[in-house]
Structure formats: C-alpha cells, structure tokens
**Q** 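The structure's right below; bear with me while I get my questions together.
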Amino acid sequence: MTDRAQQQYEAMRGHFHRAAEQRGFVLDPAQEPPVERLSRLAGELARPTWRPRQPPRHLYLWGPVGRGKSWLVDTFLDGLPTPRKRRLHFHDFFRRLHEGVAQESHAHRAGSAVDRAVDELLGDCRLLVFDEFHAHDAGDAMLVARLFTTLLNRRTTLVTTSNYPPDGLMPDPLHHHLFEPTIRLITERMDVLGVCGAVDFRRQPRAEDARQRFTRGARLLPGTERAAGLTPPRPEEATAVTAHHRELPARAVRDDLVWLGFDELCEGRTAVPDYLALAERFPTLVLDGVPPLATASSDARQRFANLVDVCCDRDTRLVLIGADPLAGLPAGSGLLRDLDRTASRLALLRQPG
C-alpha cells in the first residue's frame with residue numbers, strides 16, 4: 001500500500017469511529033469487518049486514475065434489516081474525497097434504467113441498449129453504491145443480469161447492500177434458476193461480507209434531524225381512522241391519480257396525502273415505478289382494505305412488500321387500514337421467511353390498540 005493509500009485507509013477508519021461517536025454508539029463487532037474492507041477500498045481508490053490498473057474489487061454487503069448497512073456505505077461515501085462517486089437506491093435506479101432501455105431499444109439491440117443506458121446514467125462515475133439491492137421479479141431477471149454484467153465490466157467499483165445473501169436472491173423456487181448465472185457472477189467478481197450482528201440499530205437513539213416520517217405511520221383497524229387524525233374519504237372524493245405511466249383509482253387525494261385501496265394498488269397490475277412516483281409526490285400514503293397476506297395472491301404479496309420497501313426507503317408516512325397483514329402465517333413458513341424484511345419494517349409502524 002502506498003503512503004497515499006495508507007493515509008486514506010487510516011483517515012477512513014478514523015472517520016467511521018468519529019461518525020459512530022457522533023450518533024452516540026460504538027461500532028458493533030459485526031460491523032468491524034465491513035469497516036476494515038471499506039477503509040481498504042478507500043485506500044485503493046486513492047491510487048491515481050491514470051495508472052492502467054484494474055479498478056478495486058467490488059463489494060457486496062448483506063445482512064438483516066437494521067444492522068447498519070446503509071449507515072456504513074453512507075458514512076464511507078461521506079468520508080471519501082473523490083467527487084466521482086454515486087449513491088443510488090436500487091428501486092430508483094432500476095426505474096430509470098427501464099426508461100433508458102425503452103428509449104434506446106428502438107434503435108439498438110437489448111444488450112446494447114442496457115450498456116448505453118448505464119453509460120448515460122453513470123457517466124465517468126468511479127464508485128457506485130447500490131443500496132437495498134434485491135431481485136424478486138422473474139420478469140426483470142434478464143435485465144438485472146445484463147445490468148450486473150455491464151456494471152462489473154466497467155472501470156467502476158460497485159458496492160452493494162442487500163438484505164439477502166447472493167444465493168437468497170430471486171427466492172421463488174420456480175424462478176430461482178433464472179438468476180443462478182447472475183449469482184455466480186456476483187460471488188466470483190465481488191467480495192461478499194455479512195453484517196449479521198445482534199444489534200438492531202433502528203432501536204438506537206437517532207439524531208434530531210434524522211428522517212422519521214415512515215415511523216410516524218400506523219397500522220389501524222377499520223373504523224379507527226379518526227383517532228389517528230384521518231378523515232375517511234367521502235364518495236365524491238374518488239378520483240384518478242397519476243403514478244408512473246398510468247392512472248390509478250384513488251379514494252381521495254388531499255394536498256400531501258393519497259388514499260388508495262389494497263385491491264386496486266396491490267392486486268392490480270402496478271409496479272415499483274408507480275410506488276416511487278406516489279412516494280415522490282405524497283408525504284403520506286394511506287392503504288385501506290389490507291387483508292391477511294396469506295389470503296392475497298402471490299403477486300399482491302410481492303407488490304405489497306415492494307410498496308413497504310419504497311415507503312420506508314423514501315421516508316414516506318405509510319398508514320395501513322385493515323387486518324394484520326402477517327396474520328395466519330405460521331412461524332417458520334417459507335412465506336413468512338420471504339416477508340421477513342417486510343415484517344421488520346411493519347414493526348416500526350404504530351400498532352392498533
């Protein structure tokens with residue numbers, strides 16, 4: 001390691017520990033290996049860009065929700081001096097990639113369209129951080145596969161966080177085989193590190209300016225809306241609301257709030273770009289008619305999980321009205337395991353009663 005790389009390595013390690021102290025906690029032992037690896041990466045990125053070497057090896061951080069993965073990469077980026085760095089939430093990037101591919105594919109082959117769309121989105125980025133990467137939708141498997149091939153072949157270092165180990169991606173056994181080549185690519189080309197400590201940092205005190213709108217959401221029983229400061233929609237309030245490239249039936253649209261039904265939003269043919277568009281426009285999203293997910297279709301369960309992800313990640317206040325979504329799911333069931341991240345995030349919402 002050169003003197004410059006050593007200095008950057010030591011500076012990054014110190015930066016992590018100072019950032020933890022400012023938040024009022026000490027690093028969990030499970031966070032030390034990622035801190036060490038990210039600090040080494042900071043030193044590797046300190047090499048002059050004109051030297052004809054391969055970019056530093058890519059990194060895949062995974063672990064249960066609340067273990068500080070996003071904090072780790074955010075702190076890393078904050079302490080990294082290079083301006084050629086990008087942090088993108090995977091949902092948001094994938095939506096923009098879809099749009100770019102649709103535009104490019106009119107004139108180019110599908111693979112070429114992905115390459116050109118990535119070039120357009122990232123430019124000369126030297127370090128790219130993907131937060132909350134996951135793959136559930138079999139329809140997107142080939143596009144995600146092409147995306148990772150493109151990214152890992154660029155002179156860009158990729159750092160990804162995920163709630164799933166690589167072999168846990170695309171968990172549906174009917175479609176898992178479609179993603180196995182991408183899983184092999186990830187494990188061969190990326191360093192895979194688990195962040196699986198016992199400390200759930202969501203339960204730690206947060207800075208006063210930390211985003212907490214999602215945690216002000218609630219899970220309500222029907223008929224208790226007024227106790228939560230909500231007025232049920234009147235029939236004449238029903239209207240259409242523009243999501244991504246479609247109109248959705250809403251039960252009410254009021255300034256900073258949109259009120260939607262589960263059947264229309266989750267059983268209908270909606271997708272993550274629709275939820276992102278709603279979250280960007282409305283600070284509060286109310287979803288009523290929520291059933292036990294065990295009684296919903298598998299597609300509706302996945303759409304609901306994606307909606308919760310988007311609202312949590314974009315810090316949108318989410319109010320659910322209806323049954324307990326997780327009621328009737330036996331402990332240890334495959335369905336409950338698939339919804340583990342959703343359950344963790346729903347636990348942050350105020351419960352009825």
**Q** Taking all non-hydrogen atoms of both residues, which atom of Arg37 and which atom of Leu193 are closest, and how far apart?
**A** CB-CD1, 3.7 Å
**Q** At what distance, to the nearest 0.5 angstrom, does CG of Asp124 lie from CZ of Arg154?
**A**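 It comes to 9.0 Å.
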**Q** How far does CZ of Arg216 sit from CG of Leu349, to the nearest 0.5 angstrom?
**A** 12.5 Å
**Q** Does the pair Leu248 and Glu264 meet the rule for a side-chain contact (heavy atoms from CB on, under 4.5 Å), with working shown?
**A** CA-CA 8 Å; Leu248 297 175; Glu264 294 79 8; over 6 Å; no
**Q** Kindly compute the distance separating OG1 (Thr270) from CG (Leu307), expressed to the nearest 0.5 Å.
**A** 8.0 Å
**Q** Side-chain donor-acceptor pair under 3.5 Å between Asp131 and Thr161, yes or no?
**A** yes
**Q** Less than 3.5 Å apart, any donor N or O on the side chain of Tyr275 or Glu280 sitting next to an acceptor on the other?
**A** no
**Q** What do the steps show when you test Trp62 against Asn163 for side-chain hydrogen bond (donor to acceptor under 3.5 Å, both in side chains), and what is the final call?
**A** CA-CA 5 Å; Trp62 73 275; Asn163 295 123; over 6 Å; no
**Q** Indicate the atoms forming the closest heavy-atom contact of Asp78 with His15, along with that distance.
**A**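 Minimum heavy-atom contact is OD2-CE1, 3.3 Å.
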**Q** Contact between Leu169 and His176 at the side-chain level, heavy atoms closer than 4.5 Å - yes or no?
**A** no
**Q** Check this for me: does any side-chain nitrogen of one of Arg146 and Asp115 sit under 4.0 Å from a carboxylate oxygen of the other?
**A**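 Result for this pair is yes, salt bridge flagged.
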**Q** Is any side-chain heavy atom of Phe148 less than 4.5 Å from a side-chain heavy atom of Leu158?
**A**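 Contact flag for Phe148/Leu158 side chains = yes.
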**Q** Measure the CZ-CG distance between Arg281 and Leu276 for me, rounded to the nearest 0.5 Å.
**A**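 So the CZ of Arg281 and the CG of Leu276 are separated by 15.0 Å.
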**Q** Checking Thr156 side chain against Cys125 main chain: does a donor-acceptor pair fall under 3.5 Å?
**A**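 Here the side-chain-to-backbone pair exists.
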**Q** From the options Leu220, Leu320, Ile321, select the one residue that forms a side chain to side chain contact (heavy atoms under 4.5 Å, CB included) with Val290.
**A** Leu320
**Q** Any salt bridge linking Asp28 with Arg67? Criterion: basic side-chain nitrogen under 4.0 Å from a carboxylate oxygen.
**A** no
**Q** If every non-hydrogen atom of Leu72 is compared with every non-hydrogen atom of Leu38, which pair is closest and at what distance?
**A** O-CD1, 4.1 Å
**Q** Not counting sequence neighbours, list each pair that qualifies as a side chain to side chain donor-acceptor pair (under 3.5 Å) and has a residue in residues 320-329.
**A** Arg219-Asp324
**Q** Just wondering, do Met190 and Leu59 contact through their side chains at under 4.5 Å, heavy atoms?
**A**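 Contact flag for Leu59/Met190 side chains = no.
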**Q** Ignoring hydrogens and geometry, is there a side-chain-to-backbone donor-acceptor pair from Arg345 to Cys311 under 3.5 Å?
**A** no
**Q** With a 4.0 Å cut-off, would you call Arg301 and Glu267 a salt bridge?
**A**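 Looking at Glu267 together with Arg301, the answer is no, because their closest N to O distance does not fall below 4.0 Å.
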**Q** Where do Arg13 and Val35 come nearest, in terms of heavy atoms and distance?
**A** NH1-CG1, 3.8 Å
**Q** Take atom CG in Asp255; do more than 12 heavy atoms of anything else shown fall under 6.0 Å from it?
**A** no
**Q** Give me the atom names and distance for the closest heavy-atom approach of Ala323 to Pro292.
**A** CB-CD, 3.6 Å
**Q** Any non-hydrogen side-chain atom of Phe76 less than 4.5 Å from a side-chain atom of Leu41?
**A**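 Sidechains of Leu41 and Phe76: in contact.
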**Q** Does any part of the side chain of Val26, heavy atoms only, come nearer than 4.5 Å to the side chain of His17, both counted from C-beta?
**A**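 A side-chain contact under 4.5 Å is absent here.
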**Q** So, are Glu44 and Arg57 salt-bridged, with charged N and O less than 4.0 Å apart?
**A**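 Here Glu44 does not pair with Arg57 in a salt bridge, since their nearest N and O are not under 4.0 Å apart.
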**Q** Are the side chains of Thr231 and Arg226 in contact, using a 4.5 Å heavy-atom criterion?
**A**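 A side-chain contact under 4.5 Å exists here.
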**Q** For a side-chain hydrogen bond (donor to acceptor under 3.5 Å, both in side chains) with Asp274, tell me which candidate from Arg246, Arg269, His244 qualifies.
**A**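 Looking at Arg246, Arg269, His244, the match for Asp274 under the side-chain hydrogen bond (donor to acceptor under 3.5 Å, both in side chains) is Arg246.
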**Q** Start with the C-alpha gap between Leu45 and Leu127, add the side-chain angles, then the distance that decides, and say whether side-chain contact (heavy atoms from CB on, under 4.5 Å) holds.
**A** CA-CA 9 Å; Leu45 289 168; Leu127 175 76; 4.2 Å; yes
**Q** Between Leu260 and Pro249, what is the shortest heavy-atom contact and its length?
**A** CD2-O, 3.6 Å
**Q** What I'd like to find out is whether the side chain of Asp288 reaches to under 4.5 Å of the side chain of Pro222, using heavy atoms alone.
**A**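 They are not in contact (no side-chain heavy atoms under 4.5 Å apart), so the answer is no.
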**Q** Distance-only, no hydrogens or angles: does the Ser162 side chain make a donor-acceptor pair with backbone N or O of Phe133 under 3.5 Å?
**A** yes
**Q** Less than 3.5 Å apart, any donor N or O on the side chain of Gln302 or Asn306 sitting next to an acceptor on the other?
**A**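 Yes, a side-chain donor-acceptor pair sits under 3.5 Å.
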**Q** Look at the side chain of Thr224 and the backbone N and O of Ala227, then say whether any donor-acceptor pair between them is shorter than 3.5 Å.
**A**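 Flag not set: sc Thr224 to bb Ala227 has no pair under 3.5 Å.
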**Q** Residues in ring-ring contact (aromatic ring centres under 6.0 Å, His included) with Phe282, at least two apart?
**A** none
**Q** If you apply the rule side-chain contact (heavy atoms from CB on, under 4.5 Å), what do you find for Trp259 with Val253, and how did you get there?
**A** CA-CA 6 Å; Trp259 195 306; Val253 174; over 6 Å; no
**Q** Verify whether the ring centers belonging to Tyr60 and Tyr164 lie closer than 6.0 Å.
**A**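 Centroid distance Tyr60-Tyr164: not below 6.0 Å, so no.
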**Q** How many angstroms lie between atom CZ of Phe179 and atom CZ of Arg184, to the nearest 0.5 angstrom?
**A** 12.0 Å
**Q** Identify whether the distance between the nearest side-chain nitrogen and carboxylate oxygen of Glu132 and Lys69 falls below 4.0 Å.
**A** no
